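Take a look at the structure set out below.
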Amino acid sequence: MLPFFLSPVSLYAIYVRRCFAGSGLSQQTLQLDNDQTTLHFWGPNPKLSNQTQNPEKPSLVLIHGFGPAAMWQWRNQVQFFSPHFNVYVPNLVFFGNSTTGSPERTEVFQASSVAKMMEKVGVERFSVMGTSYGGFVAYHLARMWPERVEKAVIASSGVNMRRGDHEALLKRAKLEKIEDLMLPSTAAQLNKLLTLAMARRLDIIPDFFLSDIIHKLYSDKRKEKMELLKGLTLGREDTPNISPLPNKEVLIVWGEKDQIFPLEMATELNELLGPKTKLEVIKNTAHVPQVENPAQFNNIVKSFFYIQHIVQKTRAPSMLSILIENMGLLCSRNKHYNEEDNEENAQTAEIERRIEQETKAEKHIQKLLLLGAGESGKSTIFKQIKLLFQTGFEESELKSYISVIHANVYQTIKVLYDGSKELAQNDRETFEISIENKEIGEKLSTIGSRLDYPRLTKELAQDIETLWKDAAIQETCARGNELQVPDCAHYFMENLQRLADPDYVPTKEDVLHARVRTTGVVEIQFSPVGENKRSGEVYRLFDVGGQRNERRKWIHLFEGVTAIIFCAALSEYDQTLFEDESKNRMMETRELFEWVLKQPCFEKTSFMLFLNKFDIFEKKVLNAPLNVCEWFKDYQPVSTGKQEMEHAYEYVKKKFEELYFQSTAPDRVDRVFKIYKTTALDQKLVKKTFKLVDETLRRRNLFEAGLL
Ligand SMILES: Nc1nc2c(ncn2[C@@H]2O[C@H](COP(=O)(O)OP(=O)(O)OP(=O)(O)O)[C@@H](O)[C@H]2O)c(=O)[nH]1
Ligand SMILES: [Mg+2]
């Protein structure tokens, strides 16, 4: 063994650690599973006040492959991504200093350890990028926690591996056992691994250097690592045993010459994962494109996270040009990349040409943005448009809502049970749960706190129904505005037995009621159907997340917008924000609407204000006076029943009108402003409303063209 000062690996380790520290990260350790599991990771350094977890920045978890510890695999990515993300780089269990006393050895266990780690550091939502074995872990994270994982990058990772692929790999390697390849113990074995993993032929590496690598990077916890290889759940069968991720944006990145997982696997995986998955292949690289061509790898991933889905689908060639220029610059600093430079330049020219073509073709497409605070109903309108003017939901898409709907059920009953306990502190008589239901309540509350909800069984549904019918829970539900009870609570609670059926397939109604916070941007293109034929207009509608930490993404969409559909939930005047319980929701909506109205790029943009959730409002307003909200404090009820409800609605509408004119500069008042009373769940009403929007926009176009 080489002494420290002669060991190239030890000396290089100092440099790598400095790179991580220089990116604002520090080494940290967490205990999980009642101290059974220790997870070591690099994360935002809590001692650096300007580098600590920044709530404005999204979070990104980088998951390493089988081989040396995390820091050896992500050096180029940590430096590149840390200015844009709060970056977390865990050592999976049995790598680096991470370990466990649990007998679990599957990659699913690795995924749940990472999820627990992120929960413990207080990060609710994050994106993941995993390479090779780490890609298996990233896939399971996205599958098991769809609400927490925003986007996923699966790099060089044969998640769709079959039993035969394993044998074919050993044949290519001319080895008998997988550990001889993945856990090399001789210079010859390591040489073989490097030949399969890298595209460029490495000049002869001296044996002392290979031995140093084996000793320092591959010899630790060999026994446990072999158990991890044996414990893999993927690749055990003759067909890929993965389920699609139809609602998740997934980027697959692969090296063209990968010999560990050949490129055909990437193509198949792209098909299997679903419509929101895309594949990017990096030329002249093999199993570790992040190491072989970090500049191109990083830019592809960055554009997936920030730009690509917006650039390719809207018109912003300048942003892509900047990105490509950067890629060129980074590569041209290194002479080895000359050949790749030429290829990249050709690629750049091709992309520019396509953008130009697309730009021409897109000129007639009208861009519509759905904006508004969280839970105002944007995604429900989006779903209705998909049902009305597109192909609707396929069975696989309907089924993908099962876990969401079951999660809604567990979340609802937990909020109500925990809420009743809190309210009972001041009023036991009304809110104390009956003795016979307390045990059920505790059990359901524990399930509701878990990260992975179980599928709803008939027995659990029965328990939930029993608790739901408890008088104290009903009283608590009546105070739902003080808690964060979702609007879909009643609907799902009244359908529990149906939802728990083993063959349950969600209906269209169920999907419209399902509540999933939107993260990122989703879009559809459609042409509304008129009386006899299509209206002729082509619209592209964008749905975004409305909660505070999602709004920083909106700005990327603000160029060239024809109309904004701003959703404001009428019923929220007596509720507080999910993300900040000290803030009234209607006051937040007022500030948000004002901010959007004042954006300089919306000078000519039309505004369609959807005063939504009218169905809830009309019931609520007769019991909860409008003036509980500070904005409406001068409201005076005039009568009762339907008349009073209409009066209250007209009052709110007037408030929004006043706000519009106060926030609109005099030279802009000729932009279109319309207000619609909506209930996003009501398909007929949404259809009628959208017809009016379409007519207004068509008239506006004719007017602008001088034809009206
Ligand atoms: N009763 C009723 N429920 C509605 C209406 N509009 C939306 N909802 C429900 O309200 C919940 C939230 O609606 P979403 O469409 O997810 O809200 P969002 O604006 O997309 O929220 P974010 O994605 O967090 O910004 C869902 O459970 C919907 O079913 C409505 O008009 N009436
Ligand atoms: Mg949404």
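For reference, positions follow the sequence shown, starting with 1. Order of appearance sets the numbers: ligands from 1, and atoms from 1 within every ligand. The structure presented is a predicted model; accordingly, all values stated were derived computationally and were not measured.
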| message | With a cutoff of 4.0 Å, is Gly545 in contact with ligand 1, counting heavy atoms of the residue only? | response | yes
| request: In plain terms, say whether Arg585 and Glu375 are close enough for a salt bridge, that is, a side-chain N and a carboxylate O under 4.0 Å apart. | output: yes
| field | Heavy atom of the protein closest to atom 29 (O) of ligand 1 (residue, atom name, distance) | value | Leu512 O, 2.8 Å
| request: Look only at interatomic distance and state if Ala680 has a nitrogen or oxygen under 3.5 Å from any nitrogen or oxygen of ligand 1. | output: yes
| message | Could you tell me, atom by atom, which parts of ligand 1 come under 4.0 Å of a heavy atom of Gly546? | response | 22 (P), 25 (O)
| field | atom 6 (N) of ligand 1 [closest protein heavy-atom partner, distance rounded to 0.1 Å] | value | Asn612 ND2, 3.2 Å
| message | Under 4.0 Å between a side-chain nitrogen and a carboxylate oxygen: does that hold for Glu249 and Lys151? | response | yes
| field | Derivation and outcome, salt bridge (charged side-chain N to carboxylate O under 4.0 Å, His left out), residues Glu397 and Lys386 | value | CA-CA 12 Å; Glu397 197 167 357; Lys386 213 168 157 184; 2.8 Å; yes
| query | Would you say ligand 1 has an N or O under 3.5 Å from any N or O of Thr678? | reply | no
| field | Shortest reach to atom 24 (O) of ligand 1 by a heavy atom, considering only Lys378, His513, Arg515 | value | Arg515
| message | Between Lys399 and Glu395, does any NZ, NE, NH1 or NH2 come within less than 4.0 Å of an OD or OE carboxylate oxygen? | response | yes
| So, is Ser379 polar-close to ligand 1, with some N/O to N/O distance under 3.5 Å? | yes
| query | Given Phe602 and Phe558, is the ring pair (Phe, Tyr, Trp, His ring centres under 6.0 Å) satisfied, shown in steps? | reply | CA-CA 8 Å; Phe602 297 148; Phe558 280 6; 4.7 Å; yes
| message | Between Phe126 and Trp145, does the ring pair (Phe, Tyr, Trp, His ring centres under 6.0 Å) criterion hold? Intermediate values first, please. | response | CA-CA 10 Å; Phe126 49 87; Trp145 292 280; 8.7 Å; no
| message | Using a 4.0 Å cut-off to any heavy atom of Ile616, which atoms of ligand 1 qualify? | response | 1 (N), 2 (C)
| message | Between ligand 1 and Ala373, can you find any atom pair, the residue atom being a heavy atom, that is separated by under 4.0 Å? | response | yes
| field | Asp615, portion touching ligand 1 at heavy-atom distance under 4.0 Å | value | side chain
| So, are Asp574 and Lys620 salt-bridged, with charged N and O less than 4.0 Å apart? | yes
| message | Considering non-hydrogen atoms of the protein only, which is the closest contact for atom 10 (O) of ligand 1, and what is the distance? | response | Lys613 NZ, 3.3 Å
| said: How wide is the angle at the Mg ion (ligand 2) spanned by Ser379 OG and Thr518 OG1, rounded to 10 degrees? | reply: 90°
| task | Determine whether any heavy atom of Cys567 lies closer than 4.0 Å to an atom of ligand 1. | result | no
| query | Could an N or O of ligand 1 be found under 3.5 Å from any N or O of Glu375, whether backbone or side chain? | reply | yes
| said: Under a 4.0 angstrom heavy-atom cut-off, which atoms of ligand 1 come close to Thr679? | reply: 31 (O)
| task | May I ask you to say whether Glu550 pairs ionically with Arg125, meaning some side-chain N is under 4.0 Å from a carboxylate O? | result | yes
| field | Pairing of Glu588 and Arg551 as salt bridge, 4.0 angstrom limit | value | yes
| Given Phe673 and Tyr660, is the ring pair (Phe, Tyr, Trp, His ring centres under 6.0 Å) satisfied, shown in steps? | CA-CA 8 Å; Phe673 176 54; Tyr660 176 82; 3.9 Å; yes
| query | So is there a nitrogen or oxygen of Gly372 less than 3.5 Å from a nitrogen or oxygen in ligand 1? | reply | no
| query | Is the shortest distance from a Lys or Arg side-chain nitrogen in Arg479 or Glu475 to a carboxylate oxygen in the other one below 4.0 Å? | reply | no
| query | How does Asp543 reach ligand 1, if at all, at less than 4.0 Å between non-hydrogen atoms: by side chain, backbone, both, or neither? | reply | neither
| task | Using heavy-atom distances, let me know which of Val686, Leu681, Ile381 sits nearest atom 2 (C) of ligand 1. | result | Leu681
| message | Between the side chains of Lys677 and Glu646, is the shortest nitrogen-to-carboxylate-oxygen separation below 4.0 Å, so that they form an ion pair? | response | yes
| Which residue holds the protein heavy atom closest to atom 13 (O) of ligand 1, what is that atom called, and what is the gap in Å? | Thr380 OG1, 3.5 Å
